[in-house]
Structure formats: structure tokens, C-alpha cells
Trainee: 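Pasting a structure below so you can have a look.
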There are 2 protein chains.
Amino acid sequence: MVPAGGENRAAATSAAMPSKGRATLRDVALLAGVSHKTASRVINGEPGVTDAKVAAVRQAIAKLGYRPNFTASSLRRAGGRIAAIAAVLEDVSNPFSSALHRALEDVARERNVMIFAGSVDEDPERERALIDAFTARQADALVIVPASANQRYLADVINAGTPVVFADRPPVGVDVDAVLSDNHGGAAAAVHHLVAHGHRDIAYLGDLRTITTAQQRYQGFREALADHGVRPQPDHVVHDLHTESAARDAAARLLAGPTPPTALFTSQNLVTIGAVRALRDHDRQHQVALVGFDDFPLADLLQPAVTVVAQNPAEMGRLAASLLFRRLDGEHWMPTTHFVPTTLIQRGSGEVIGPHA
Amino acid sequence: MVPAGGENRAAATSAAMPSKGRATLRDVALLAGVSHKTASRVINGEPGVTDAKVAAVRQAIAKLGYRPNFTASSLRRAGGRIAAIAAVLEDVSNPFSSALHRALEDVARERNVMIFAGSVDEDPERERALIDAFTARQADALVIVPASANQRYLADVINAGTPVVFADRPPVGVDVDAVLSDNHGGAAAAVHHLVAHGHRDIAYLGDLRTITTAQQRYQGFREALADHGVRPQPDHVVHDLHTESAARDAAARLLAGPTPPTALFTSQNLVTIGAVRALRDHDRQHQVALVGFDDFPLADLLQPAVTVVAQNPAEMGRLAASLLFRRLDGEHWMPTTHFVPTTLIQRGSGEVIGPHA
DNA sequence: AACTCTCCCGACATCGATGTCAAAACTTGC
DNA sequence: GCAAGTTTTGACATCGATGTCGGGAGAGTT
């Protein structure tokens with residue numbers, strides 16, 4: 001009997017070096033001359049294995065370059081977590097999205113959780129496709145910056161128990177946690193600031209009206225003006241600017257008009273930069289005030305430096321991630337919307353004095 | 001017998017709505033009154049299923065909100081691909097990394113392949129941890145921007161047949177495809193440009209010398225100067241600047257020195273911006289020339305606008321991704337290094353005239 | 001009506017790993 | 001030296017899904 005066992009093991013050993021493909025636990029066990037369960041024990045540091053066998057298994061692992069298949073083990077493990085969450089972002093390469101992404105990563109890193117990231121590009125179909133792809137790959141949780149009109153299609157995902165947090169834009173048709181900027185308040189702060197510096201004729205240059213944050217910023221703009229008894233001039237309100245060049249053209253048109261505004265409020269990054277270019281083109285950057293929503297790199301190095309209502313994408317990412325992980329840890333609460341404050345950063349362009357000072 | 005079968009199915013049906021957790025193929029099959037293999041056939045569009053059963057399965061899928069577990073099926077499918085690749089980047093939130101990331105995504109999207117992304121932050125341990133985590137999760141391929149001194153530890157991964165491409169920095173100790181900027185040539189072009197504009201005393205402000213690209217850019221700088229018979233002044237060469245403020249301080253020190261350089265060559269983004277700030281602080285931005293390696297947003301809006309040697313991260317990402325996918329498609333070739341050309345973009349700061357014009 | 005011949009279906013094995021549990025090997029106590 | 005107790009071990013079932021293949025139902029033929 002014992003010799004027979006020895007023979008088996010010797011035979012197994014000689015067959016245990018797979019030249020192609022990845023070594024599996026079975027290969028390790030064969031090479032080490034133990035059962036795969038024992039090898040599993042060694043790998044997971046479970047007690048109850050002789051030192052000699054531990055050493056044999058370790059050696060086999062090193063020799064084969066074995067790496068456990070986390071995916072396969074998550075199939076069996078309770079809860080089936082793969083220790084990866086998904087981020088459905090607007091565009092991984094834009095500064096806001098990538099700052100959010102980075103903040104998620106920093107929180108996830110502490111738990112050895114990896115991140116799937118994808119760009120929606122304001123395309124609702126792409127949003128669904130990404131979410132399908134991430135859930136099919138068993139992402140443990142989702143952070144979503146939605147582009148679609150409503151997200152009822154998420155019901156199944158949520159019912160299945162996958163934690164979902166919306167970031168930057170509120171959920172529509174589903175009830176989940178959300179982490180949003182104070183868009184309304186931030187826009188209003190910009191308007192109050194401009195009014196305080198003597199402006200009444202403030203133009204609004206805004207992003208696509210399908211984007212909730214653009215709507216909220218426009219609301220904040222209107223209401224703050226109304227607080228001062230001012231109604232925006234209809235032709236000084238331009239919506240649906242989604243690229244830098246569209247914004248530049250729109251701002252140029254305003255500046256070349258018969259009664260140009262004395263100040264501009266731009267509701268988004270690229271729009272702000274387009275407006276800066278237009279002001280520069282017309283050499284009006286020191287005459288017409290500008291406050292932009294959302295900060296951007298180098299805003300302080302322009303001349304004049306650009307006054308902005310800064311969001312805090314890093315804080316949003318941290319908060320979103322911590323909500324997800326608390327749910328993954330088993331905490332329960334009613335879905336809640338969290339607002340992250342905005343900050344008015346005065347740099348010069350917003351402090352150009354207007355006619356009513 | 002037939003009645004018994006009918007009873008079983010009825011019983012199964014009534015038990016087939018799991019209230020918690022995700023519905024599985026088994027749940028679908030039970031609800032539809034078919035075997036799980038038949039349900040699998042319907043889902044994968046395989047022939048050989050009655051219309052009536054197809055309809056029953058479809059209905060069950062809709063009712064349960066069933067979503068296939070891609071992870072589990074990849075276990076069984078030949079090759080075991082999970083249709084996800086991993087990007088090990090310097091920092092997902094910096095413009096270079098995120099442009100690379102985005103380009104990878106664009107290529108991957110055409111194949112419905114998702115992307116894991118992670119930030120190394122120049123930490124070799126983090127690099128290994130990320131690669132371990134991604135391979136444990138069965139990423140089909142890896143794009144790596146390495147931070148470590150050598151990557152011999154990748155041997156197992158490569159032997160297992162996982163395609164690996166290095167981007168931006170060359171592999172050391174392993175033989176894999178690489179997609180690099182022409183760092184040497186780009187730096188040399190910057191120097192030639194400055195010399196042509198009358199500069200001889202050109203300072204070098206560079207990133208950590210552990211970073212290969214920084215080494216190559218420094219080499220290009222030195223050799224191009226040598227071509228003109230010029231040796232850099234030792235105290236006008238500053239290495240190991242890895243933050244904007246370190247670069248600003250270093251540039252300030254140079255400008256305040258007894259014989260300040262007439263031009264600066266900065267080897268990296270943040271260093272360039274730090275130098276811009278220092279020049280601005282000393283109001284020398286129109287007297288001292290500046291050429292930076294790597295373009296950055298708004299460089300054209302500064303005054304003077306910043307002349308740069310632009311890299312092409314998007315092209316690097318596209319190329320890296322296409323190499324990976326060709327290997328995943330089964331193509332074979334010897335590992336090759338591809339160089340992506342750089343472009344000198346003249347914007348003003350690099351065209352400040354020097355004393356030898 | 002009996003017999004092929006398709007065609008469809010579902011029991012079974014499998015992917016890589018882990019939880020269960022009873023048998024085997026060991027130790028200890030008398 | 002033997003029974004009792006403890007530690008180690010590995011066969012087995014399982015996670016969710018797919019490939020294999022023999023068997024059964026139905027259609028078509030004579």
C-alpha cells in the first residue's frame with residue numbers, strides 16, 4: 001500500500017508541471033503530494049497542517065508560479081464578493097471624473113478592493129451597457145454618474161442587494177443613496193457675488209439641459225437673481241453648450257451683441273474655458289466679470305485668474321465610497337442624499353467691478 | 001409518471017422566486033419548468049429549443065430580473081476570458097494617465113471589454129499589489145506603466161500566457177511589448193529649439209531619476225547640448241523634482257542665483273507648471289525661455305503661452321490596446337518596442353530670444 | 001401499425017476553489 | 001500495550017454556468 005501510494009505521487013509529480021496556461025490549486029496539490037483541500041488550507045493560512053506539508057505546498061506554489069483564482073473562489077465563498085466595485089463615470093479622462101475616480105480608489109485601496117471604470121459620454125445606452133457589463137462581472141457595488149433620464153432599469157440590480165450610490169447627479173425612478181454638489185446654492189453664491197460687485201446684467205452660459213446638475217445650477221442662478229429683483233435678459237441665457245468651442249462661440253456672440261452683459265456665469269468647466277477664450281479674443285477679460293462653476297487646473301494662472309465655485313469631487317468620491325462600504329459591511333438605512341458644499345474661490349475674474357457698484 | 005413530473009414542476013415553480021440575492025440560471029429553469037441546460041441554451045441563443053420553452057424561459061428571466069454571472073461562465077468557457085483588462089497607471093487622476101486610460105477604454109469598448117484601473121503613485125510595492133490583485137481577478141491582459149526598478153516578478157504572469165504591454169516606460173528584466181514616447185528625441189528637439197533661439201545656458205529641471213523617462217529626457221538634453229558644443233552648468237541641473245512646489249522652489253533658486261540661466265527645460269508636467277509659477281513670481285516670464293516636456297490643458301491660455309514637447313498619450317493607449325488585443329486574438333510575434341513621436345508645439349514661452357541669437 | 005430517423009432535451013461531468021465531515025494518523029493516559 | 005482523545009487529512013458536495021452525450025418523443029416512411 002505505501003509503495004503504491006508513493007508511486008502514485010511520483011507519477012503525479014512528474015505530470016504536475018503544466019507548460020501552458022495558469023497553474024491551478026490542483027497542480028500545486030499534485031506537485032506537493034497532498035490533496036487540493038490541504039493545499040487550500042496552506043494558502044488560506046488555516047490551521048491543522050503539518051509543517052512538512054506546509055513547506056511542500058509552499059515550494060510547489062513557488063515552483064509553479066501559482067496564483068489563486070480569486071474569481072473562482074468568490075463563487076464559493078459566502079456572499080460571493082470579488083472585491084471590486086464599478087465606477088460609471090462621465091469620462092474617465094476629464095478632471096472631475098478622474099478626481100472622483102481617484103478618491104474612490106483611495107478608499108477602496110484600504111480594503112484591497114479594485115475598481116472597474118468606464119465612461120458614459122452622456123449616452124444613456126452606454127450607461128446601461130456599462131452597468132450590465134459590470135454587474136455581469138459581479139462587481140460588488142456601483143458608483144454611478146447617470147446620463148439617462150431615469151434609472152428604473154436598476155431595480156433588479158438593487159433588489160439583488162448590490163449597493164448603489166449615485167454621484168454628482170440625483171437618481172430618478174429609483175431610491176438609492178446619492179452624493180451631490182450643492183449646485184443650487186453654489187450657483188446662487190456666484191450670482192450674489194457678482195451682484196455684490198455691481199453687476200445686474202449677468203449672462204448664463206449652461207450645459208445640456210438634460211443634465212440635472214445644469215438644471216439645478218440654472219435654477220440657482222435664476223432664483224438668486226430674483227432675490228435681487230432682477231430678471232435675466234432672455235437673450236443672455238444660452239443653454240445646451242457642451243463643448244469648449246460651442247461655449248466660445250456663444251460667449252463671442254453675447255460680447256458682440258448690442259447690449260453685452262457685464263458679467264458671465266458659466267455652469268461648467270469647458271464652458272468656462274470657452275468663455276475665457278472668447279473674452280480674451282475680444283480683449284474684454286478685464287472689463288467683463290466671469291464666475292465659473294467647477295474649478296479647473298491652472299485657473300489661478302490665467303490673467304485674470306478665474307473666480308470659480310469649486311466643487312469637491314474628491315470629497316464626493318470619498319463619501320460615495322464610504323457609503324458603499326458601509327452597506328457592504330451590512331449596515332442598513334433608508335437611502336439618503338448627501339450634499340457636499342461648494343466653495344467660492346475669488347481669484348480676480350469675478351471681482352471685476354460692474355456698473356452698479 | 002407524467003402526473004408526477006407535472007407535480008414536481010408545479011412545486012418547483014412555486015419555490016422559484018428567491019426574495020434575496022441574485023437570481024441564478026437554476027432559478028430561471030425552475031420557474032420556466034425546464035432544466036438549467038435548456039435555460040442556458042435559450043440565453044446563449046443556441047438552437048434546439050421549442051418556441052414554447054423559449055418563451056417560458058424568456059418570461060422567467062424577465063420576471064426574476066436574471067442576469068448571467070459572467071464570472072462563473074468564464075470559468076467553464078474555453079480560455080476563461082472575463083473580457084476585462086487591467087491598467088496599472090501612475091495616477092488615474094493625472095491628465096497623462098487618464099488620457100491613456102481613456103484611449104484604452106475606447107479600443108476595449110469595441111469588443112465589450114471592461115477596464116480595471118489603478119494608481120501606482122511611483123510606489124513599487126503598490127505596483128506589485130495592483131498586478132497581483134488584477135491577475136487574481138483574472139484580468140485577460142495588462143497595460144502597465146511601471147514604477148519599479150525591474151519587473152522580473154512578472155515572469156509567472158507572462159508564462160501563464162497573459163498578454164502584457166508596457167506603456168510610457170520600458171520593461172526591465174522581462175521581454176514584453178512596449179509603447180514609449182520618444183523621450184530622448186523630444187528632449188533633444190526642445191534643446192535644439194532653444195539653442196536656435198539664441199540660448200546656451202539652459203537649465204534642466206527634472207523628475208525623479210528613478211523614473212526611466214526622466215533619465216531618457218535628461219540624456220536627450222545632454223546630448224543635444226553636446227551637439228552644439230555646450231556643457232550644461234552643473235548647478236543649473238536639478239533632478240528629483242516630483243511636485244509642483246518642489247519645482248517652483250528649485251526654479252526660484254535658479255532665477256535668484258548669481259548667473260541665472262536664460263532658458264529652462266522642464267522634463268515633466270508638474271515641473272513645468274512649477275517653473276511657470278516661479279517665472280511669474282519673479283516677473284521673468286518674458287525674459288527667460290521655457291520649454292516643457294509633456295503638454296497640459298490651458299498651456300495655450302497662459303501668458304506667455306507655454307511651448308511644449310507634446311506626447312501623445314491617446315495614441316499610446318490605442319497602440320497598447322491594439323497590441324494586447326492582437327495577442328488575445330492569438331497572434332504571435334517577438335516582443336517589440338514601439339515609439340510614439342513627440343511634437344514640439346511653439347506657443348511663445350519657448351521663443352523668447354536669448355543672448356546668442 | 002410498426003419502424004426508422006430526426007430532433008430536442010436533460011442528467012452528468014467540469015471549470016477552480018472552499019466548506020463539511022468522517023476516517024486516518026497521531027498523541028496521550030492508564 | 002491498548003483505549004481514548006486529539007490532530008490531520010482528503011473524499012465529497014457546492015458555487016453558477018457550459019460542453020457532452022445517451023435517451024425519449026415526435027414525425028415521417030413503408
Side-chain angles (χ1 to χ4, degrees), chain A residues 1-2 5 8-9 12 16 18 20-30 32-57 61 64 66-83 135-138 160, chain B residues 1-2 5 8-9 12 16 18 20-30 32-57 61 64 66-83 135-138 160:
Chain A
M1 284 304 166
V2 171
N8 281 340
R9 279 168 187 177
K20 260 293 187 242
R22 190 164 163 153
T24 73
L25 186 61
R26 170 153 227 93
D27 300 320
V28 170
L30 285 172
V34 300
S35 80
H36 58 278
K37 179 56 198 170
T38 299
S40 168
R41 284 205 187 83
V42 174
I43 288 158
N44 293 64
E46 290 169 33
V49 183
T50 330
D51 288 352
K53 300 221 171 190
V54 170
V57 171
I61 289 172
L64 295 173
Y66 168 77
R67 288 155 178 262
N69 182 335
F70 200 83
T71 282
S73 76
S74 80
L75 202 54
R76 190 72 178 86
R77 290 193 76 89
R81 301 270 173 80
I82 62 162
T135 54
R137 283 167 189 73
Q138 308 297 109
Chain B
M1 283 307 164
V2 171
N8 281 339
R9 281 171 187 173
K20 260 291 188 244
R22 190 165 164 151
T24 73
L25 186 62
R26 170 153 228 91
D27 299 320
V28 170
L30 284 173
V34 300
S35 80
H36 60 280
K37 180 53 196 168
T38 298
S40 168
R41 284 206 187 84
V42 174
I43 287 158
N44 292 64
E46 290 170 33
V49 184
T50 329
D51 289 350
K53 301 223 170 190
V54 170
V57 171
I61 288 173
L64 295 173
Y66 169 75
R67 288 154 178 263
N69 182 334
F70 200 83
T71 283
S73 77
S74 82
L75 201 55
R76 191 71 178 84
R77 291 193 75 90
R81 302 268 172 80
I82 62 160
T135 54
R137 283 165 188 73
Q138 306 299 106

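A note on names: the letters A, B, ... follow the listed sequences, proteins ahead of strands, and every chain is numbered from 1. Because only heavy atoms are used, hydrogens play no part in the values below, and waters and symmetry mates are left out as well, while side chains stay in.
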Trainee: Nearest of D:dT9, C:dA17, D:dG16 to any side-chain atom of A:K53?
Mentor: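 So the side chain of A:K53 is nearest to D:dT9.
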
Trainee: Please state how far atom CG in A:L75 lies from atom P in D:dT18, giving the value in whole angstrom units.
Mentor: 12 Å

Trainee: Taking all heavy atoms of B:V28 and all of B:A39, pick out the closest pair and write down the distance.
Mentor: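 Smallest heavy-atom distance, with atoms named: CG1-CB, 4.4 Å.
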
Trainee: Below the 4.0 Å mark, does D:dT9 have OP1 or OP2 next to a side-chain nitrogen or oxygen of A:T50?
Mentor: yes

Trainee: Please report, rounded to the nearest Å, how far the C1' atom of D:dT8 is from the CG atom of A:D51.
Mentor: 12 Å

Trainee: Can a side-chain donor-acceptor contact be found between A:R22 and B:Q138 if the only test is distance below 3.5 angstrom?
Mentor: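 Looking only at side-chain atoms, A:R22 and B:Q138 do form a donor-acceptor pair, the distance falling under 3.5 Å.
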
Trainee: Using atom CG of B:L30 as one end and atom C1' of D:dG16 as the other, report the distance to the nearest whole Å.
Mentor: 13 Å

Trainee: When you measure from the side-chain N and O atoms of B:T38 to the phosphate of C:dG10, is any distance below 4.0 Å, counting only OP1 and OP2?
Mentor: yes

Trainee: Can you find a side chain N or O atom of B:N44 that sits less than 4.0 Å from OP1 or OP2 on D:dT18?
Mentor: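 Checking D:dT18 against B:N44, a side-chain N or O does come within under 4.0 Å of OP1 or OP2.
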
Trainee: Grab the CD-P distance between A:E46 and D:dT9 for me, whole Å please.
Mentor: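 The distance from CD of A:E46 to P of D:dT9 comes to 13 Å, rounded to the nearest Å.
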
Trainee: Quick one: the side chain of B:R41 and the base of C:dG10, do they pair up donor-acceptor inside 3.5 Å?
Mentor: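 Donor-acceptor pair under 3.5 Å: yes.
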
Trainee: Separation of B:I43 atom CD1 from D:dG16 atom P, in whole Å?
Mentor: 14 Å

Trainee: Distance check: side-chain N/O of B:K37 vs OP1/OP2 of D:dG22, anything under 4.0 Å?
Mentor: no

Trainee: For residues B:K53 and B:G33, report the shortest heavy-atom separation together with the two atoms involved.
Mentor: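 Distance-wise, the nearest heavy atoms are NZ-O, 4.5 Å.
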
Trainee: To the nearest angstrom, how far is B:Q138 atom CD from C:dG16 atom C1'?
Mentor: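 Atom CD in B:Q138 sits about 9 Å away from atom C1' in C:dG16.
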
Trainee: The side chain of B:H36 is closest to which nucleotide in this list: D:dT9, D:dT18, C:dG16?
Mentor: D:dT18

Trainee: Could you state the OH-P distance from A:Y66 to C:dG16, rounded to the nearest angstrom?
Mentor: 10 Å

Trainee: With respect to the phosphate group of D:dC15, does any side-chain polar atom (N or O) of B:T24 fall under 4.0 Å of OP1 or OP2?
Mentor: no

Trainee: Looking at A:S40, I'd like to know whether one of its side-chain N or O atoms comes within less than 4.0 Å of OP1 or OP2 on C:dA17.
Mentor: no

Trainee: So B:P68, base contact, sugar-phosphate only, or nothing? Heavy-atom distance under 4.0 Å.
Mentor: sugar-phosphate

Trainee: Is the shortest side-chain heavy-atom distance between B:P68 and B:L25 below 4.5 Å?
Mentor: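 Result no, sub-4.5 Å side-chain heavy-atom pair not found.
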
Trainee: Going by the rule side-chain contact (heavy atoms from CB on, under 4.5 Å), which residues pair with B:T38 if we only count those two or more places apart in sequence or in a different chain?
Mentor: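 B:V34, B:S35, B:R41, B:V49.
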
Trainee: Tell me whether the side-chain N/O atoms of A:S73 come closer than 4.0 Å to OP1 or OP2 in C:dA17.
Mentor: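 Result: no.
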
Trainee: Please confirm whether any donor atom in the side chain of A:R76 sits under 3.5 Å from an acceptor in the base of D:dG16, or the reverse.
Mentor: no

Trainee: Measure across A:I82 and B:R137 and return the closest heavy-atom pair with its distance rounded to 0.1 Å.
Mentor: O-NE, 2.9 Å

Trainee: By side-chain contact (heavy atoms from CB on, under 4.5 Å), which residues pair with B:A72, not counting sequence neighbours?
Mentor: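 Partners of B:A72 by the side-chain contact (heavy atoms from CB on, under 4.5 Å) criterion, ordered by chain and then number, come out as A:L75, B:N69.
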
Trainee: B:V34 has a side chain; which of C:dC15, C:dG10, D:dT9 sits nearest to it?
Mentor: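 Shortest atom-to-atom distance from the side chain points to C:dG10.
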
Trainee: Using the C1' atoms of the five pairs at each end, what is the angle between the end axes of the helix from C:dA1-D:dT30 to C:dC30-D:dG1, to 10°?
Mentor: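 Roughly 50°, once rounded to the nearest ten degrees.
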
Trainee: For A:R26 and D:dC12, give me the distance from atom CZ to atom P, rounded to whole Å.
Mentor: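 For the pair A:R26 CZ and D:dC12 P, the rounded distance is 12 Å.
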
Trainee: Within the structure provided, determine whether A:Y66 and A:I43 are in side-chain contact (heavy-atom separation under 4.5 Å).
Mentor: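 In short, these two side chains touch, coming nearer than 4.5 Å.
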
